[in-house]
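All remarks here apply to the structure that follows.
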Amino acid sequence: MKIRIKHILRCYQSGMSIRSISSSLLISRNTVKRYIRIYEDMDMELERLFKMDEQHLHELFGTETDNESSGSAEYKYLQERIPEYIKRLKAHGTKRRSLYEEYLKNRPQVYSYCSFCLYI
């Protein structure tokens with residue numbers, strides 16, 4: 001998932017709380033806090049950051065910018081299994097948590113439970 005740093009910073013600049021930024025952008029609060037903390041430690045004007053291209057901005061914040069990252073390969077893996085997961089969820093007694101645990105057996109430490117549920 002590509003983090004939208006400019007969106008986070010614009011929301012922060014407008015006075016939104018970390019919780020509301022997190023819920024509106026569907027990003028964890030810890031991620032929002034981390035990028036705000038990095039911004040504050042930079043001691044740089046927001047307008048200067050907004051003028052930067054995405055590549056440079058993501059380098060400053062230490063995030064991935066391209067879609068050829070390991071995350072996109074993992075997304076393709078998950079995307080292939082989504083129709084099966086959706087079909088199984090319709091069956092009585094199947095829970096997202098059990099599908100996630102099954103997913104983790106094959107692909108440990110990739111998507112969090114929250115991210116997994118967003119795709120299904």
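All values below were derived from every heavy atom in this structure, side-chain atoms included, with hydrogens, water molecules and symmetry-related copies excluded.
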- prompt: Stepwise, does the side chain to side chain contact (heavy atoms under 4.5 Å, CB included) test hold for Tyr85 with Phe116?
  reply: CA-CA 11 Å; Tyr85 289 156; Phe116 178 83; 3.8 Å; yes
field: Verdict with reasoning, Leu49 to Leu57, per side chain to side chain contact (heavy atoms under 4.5 Å, CB included)
entry: CA-CA 7 Å; Leu49 286 174; Leu57 191 61; 3.8 Å; yes
- request: Please test Glu102 against Arg88 for salt bridge (charged side-chain N to carboxylate O under 4.0 Å, His left out), starting from the C-alpha separation and ending with a verdict.
  value: CA-CA 12 Å; Glu102 179 183 313; Arg88 289 173 58 193; 2.7 Å; yes
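When side chains are defined from C-beta on, Asn106 counts as touching Tyr77, because their heavy atoms get closer than 4.5 Å. The side-chain heavy atoms of Met44 and Met52, taken from C-beta on, include a pair separated by under 4.5 Å.
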Under 3.5 Å, which donor-acceptor pairs link side chains of residues 8-16 to any protein atom two or more places apart or in another chain?
residue: Tyr12; atom: OH; partner: Glu40; partner atom: OE2; Å: 2.4
residue: Ser14; atom: OG; partner: Cys11; partner atom: O; Å: 2.8

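Judged purely by atom type and a 3.5 angstrom limit, Arg19 has no side-chain atom pairing as donor or acceptor with the backbone of Arg29.
Side-chain polar atoms of Ser23 and Ser20 form no donor-acceptor pair below 3.5 angstrom.
By the 6.0 Å and 45° rule, Arg97 stacks over the aromatic ring of Tyr113.
If you take CD on Gln79 and NZ on Lys76, they are separated by 9.0 Å, rounding to the nearest 0.5 Å.
A salt bridge is defined here as a Lys NZ or Arg NE, NH1 or NH2 lying under 4.0 Å from an Asp or Glu carboxylate O, and Lys95 with Glu101 fails to meet this definition.
When each of Thr31, Ile18, Asp41 is checked for a side chain to side chain contact (heavy atoms under 4.5 Å, CB included) with Ile36, only Ile18 meets the rule.
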